[in-house]
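Every chain is numbered from 1, with letters handed out A, B, ... down the list of sequences. Basis for what follows: all heavy atoms, side chains included, without hydrogens, waters or symmetry-related copies.
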Amino acid sequence: MKILDTLSKNEKELDISSKVRIYLCGVTVYDESHIGHARTIIVFDVLRRYLESKGIEVEFIQNFTDVDDKIINRAKRENVKASAISSRYIENYFKDFDDLNVLRATRYPKATEHIQDMQKLIIDLIEKKIAYVSKNGVYFSVSKFPEYGKLSKKKIGDLLAGARVEVDEAKNDPLDFALWKFSKDDPSWDSPWGRGRPGWHIECSAMSIKYLGDNFEIHGGGRDLIFPHHENEIAQSESHTSKPFAKIWMHVGMITINNEKMSKSKGNIKSIRHVLENWGPNIIRLFCLSGHYSKPIDYSEELLQENITKWRQVESSYYEMKLSIGNGDTTKIENIISESKKEFDSVLENDLNTHLALSAFFKFVNQINQLAASDSLTKSIADVALPHFEKNGKYFRFNTSKNFRNGN
RNA sequence: GGUGAGGUGGCAGAGUGGUUAUGCGUGGGCCUGCAAAGCCUAUCGAUAGGGGUUCGAAUCCCUUCCUCACCUCCA
């Protein structure tokens, strides 16, 4: 299987010689998840299901960032502990994503439960003189990692010219980023350097290495994480292990509304709960998979509506197969299925092109509906076609059986 | 300003040198008590503009314009 690797800018062959280890940067749990989160996670869900369907073992780790300024601010505003906020939205997360039929990850490590692991990593970086302690915390010294910028293709000089880096006299260099921030407020832990909390990026380095090792197969997330988050993760992790961090960096495009990124500040967020209530899980999954994962998808009623039409066709074919009777020749359907399988696999093997995979599936569905319309869909055909239908459907994890009023 | 990704029919989305797939939409028809769904059939492009390479370009090169993302937290 080939996957577009952000770092090398090439499609790279996924190593399936043994278990495939995937680390996906999850969400910061300070509010409801939105449809953009859903897209990234659904794309990885399909990747994972596809690999597993091929008999490949997948270890899938997805973190929760449960220590963060946004969580702390919200906790202050509501006058509760930060942990109350994060546990509320973790619960919320599982509710949303279970309803979206996303398989649970192998493990959901939380930042707050890996403070020791992060501190160990920071200690190592300080010993290597790549990190330093200053007035406000511990910082990573970007100048000690010559390859800094290799993922996002940024040059250090350009970054400085951007002049948007925060000015902080406690840092040796404006580009340096925090590994540990001193603070005595609510979520804080003792450390060799003083009480405080971890910086954002260090958790993913510490947890991915802990659970997946130094050099795992795929590290993923939304495109917006490329810089600075993943860039910083590479700097920390590779400085620590002296090995290439992830073999493939896979980034999922943004969901936009009127061609603008969904974001809190623009107030154009569509929460998963909202979309779920209005359209349901199948339509959301179809919508999220309707374009290539690396490109943006524009959220619109029109596109969702189109997916409703498609979903009805799928439902209809399932219903027809379930209700079919009689015997008949199955060679034609066997050929259709074998074509469909071939096409389905080959487009997914080619950088997980879910849009084309869905096309292959819809083509098959349409064939079934044609047979049904001409009264030639027999039970013997359905017996051959249903397993294929269900297998395809499983990759996308559509909810079928529940929805059929006349289903057996 | 820097970096990256793009600009293909009303919309979505393939196609990396040789009849511009496919789906949605739209028109007509079949089916149906009506509608929806389903099925059949028809229908649309001068592939952002301009130059170049070539027998031949959406596809390669140059150039102009436009869009988005990242450069601050972000899936």
Side-chain angles (χ1 to χ4, degrees), chain A residues 4 6 9 24-28 30-31 33-44 62-63 65 68-71 73 93 149 151-167 175 177 200-201 220-231 251-256 258-266 269 272 286-288 290-298 300-317 319-320 343 347 350 353-356 358-363 365-377:
Chain A
L4 181 66
T6 310
K9 288 163 76 174
L24 176 64
C25 283
V27 297
T28 301
Y30 74 105
D31 205 345
S33 300
H34 58 69
I35 185 79
H37 301 123
R39 157 124 102 150
T40 300
I41 288 158
I42 287 170
V43 164
F44 275 83
Q62 184 185 322
N63 70 304
T65 298
D68 175 89
D69 288 352
K70 289 190 287 293
I71 298 172
N73 292 339
Y93 172 92
L151 182 71
S152 56
K153 320 295 172 208
K154 291 182 189 304
K155 294 190 184 70
I156 287 177
D158 294 340
L159 282 169
L160 286 168
R164 280 164 107 181
V165 281
E166 77 185 89
V167 180
L175 291 181
F177 55 89
W200 174 34
H201 317 292
R223 291 207 82 84
D224 52 355
L225 296 183
I226 294 173
F227 190 90
H229 187 238
H230 287 163
E231 194 73 68
H251 289 105
V252 179
M254 298 293 101
I255 286 193
T256 58
N258 296 325
N259 287 317
E260 283 193 325
K261 184 179 163 186
M262 239 181 229
S263 70
K264 281 262 143 107
S265 50
K266 287 184 178 125
I269 297 281
I272 293 175
L286 283 175
F287 167 79
C288 289
S290 67
H292 190 260
Y293 73 83
S294 65
K295 293 184 180 168
I297 293 184
D298 200 49
S300 70
E301 301 267 312
E302 195 187 1
L303 206 51
L304 286 160
Q305 196 60 49
E306 182 175 330
N307 285 307
I308 283 195
T309 306
K310 288 176 176 172
W311 176 248
R312 281 180 183 149
Q313 293 169 353
V314 173
E315 260 189 339
S316 174
S317 75
Y319 179 67
E320 296 286 1
E343 189 181 340
V347 296
N350 186 14
N353 195 325
T354 51
H355 177 264
L356 291 181
L358 284 169
S359 292
F361 181 54
F362 294 144
K363 223 184 281 175
V365 159
N366 181 255
Q367 300 273 6
I368 296 294
N369 286 336
Q370 278 179 37
L371 288 173
S374 61
D375 276 330
S376 41
L377 179 63

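Remark on RNA chain B: of its neighbouring residues A:Lys155 and A:Gly26, the 5'-side contact belongs to A:Lys155, judged by nearest-heavy-atom nucleotide. Across the interface with RNA chain B, nearest-nucleotide mapping of A:Pro296 and A:Ser152 shows A:Ser152 to be the residue nearer the 5′ end.
Listed nucleotides: B:rA14, B:rC39, B:rA75. Nearest to the side chain of A:Val27: B:rA75. Each of B:rA69, B:rA12, B:rC71 was ranked by its minimum atom distance to the side chain of A:Phe227; first place goes to B:rC71. When distances run from any side-chain atom of A:Ala373 to the nucleotides B:rC39, B:rA75, B:rG13, the shortest one goes to B:rC39. Out of B:rA14, B:rA5, B:rA37, the shortest distance to the side chain of A:Arg312 is found at B:rA37. In the set B:rA75, B:rA37, B:rA14, B:rA37 carries the atom at the smallest distance from any side-chain atom of A:Ser316. Among the nucleotides B:rA75, B:rA12, B:rA5, the one closest to the side chain of A:Lys9 is B:rA5.
Classified by interplanar angle (parallel below 30°, tilted 30° to 60°, perpendicular above 60°), the ring pair A:His230/A:His251 is tilted.
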- [ ] Could you give me the CA-CA distance, side-chain angles and deciding distance for A:Phe227 and A:Leu151, then say whether side-chain contact (heavy atoms from CB on, under 4.5 Å) is met?
- [x] CA-CA 8 Å; A:Phe227 190 90; A:Leu151 182 71; over 6 Å; no

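Considering only residues two or more places apart in sequence or on other chains, A:Asp375 meets the side chain to side chain contact (heavy atoms under 4.5 Å, CB included) condition with none of them. The side chain to side chain donor-acceptor pair (under 3.5 Å) check on A:Asn353 picks up nothing, with sequence neighbours excluded.
Between A:Asn369 and B:rC39 there is a side-chain polar atom (N or O) within less than 4.0 angstrom of OP1 or OP2. Between A:Gln370 and B:rG38 there is no side-chain polar atom (N or O) within less than 4.0 angstrom of OP1 or OP2. The side chain of A:Lys153 contributes no N or O atom lying less than 4.0 Å from OP1 or OP2 of B:rA5.
Between the base of B:rC70 and the side chain of A:Lys154 there is a donor-acceptor pair shorter than 3.5 Å.
A 3.5 Å limit on both hydrogen-bonding distances identifies B:rG7 as the Watson-Crick or G-U partner of B:rC65.
In this structure, A:Gly36 reaches the bases: a heavy-atom distance under 4.0 Å links it to at least one base atom across the strands shown.
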TODO: Produce a footprint string for nucleotides 24-29 of chain B: one letter per nucleotide, 5' end first; B if the base is under 4.0 Å from any protein heavy atom, S if only the sugar-phosphate is, - if neither.
DONE: SS----

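Within the 3.5 Å criterion, the main-chain N or O of A:Met254 finds no donor-acceptor partner in the side chain of A:Arg223.
Atom C1' of nucleotide B:rA12 and atom CG of A:Leu286 are separated by 13 Å, given to the nearest angstrom.
Taking every heavy atom of both residues into account, A:Ile297 and A:Cys288 meet most closely at CD1-O, 3.7 Å.
Contact check on A:Glu343 versus A:Lys363 returns a salt bridge, with a Lys/Arg side-chain nitrogen under 4.0 Å from an Asp/Glu carboxylate oxygen.
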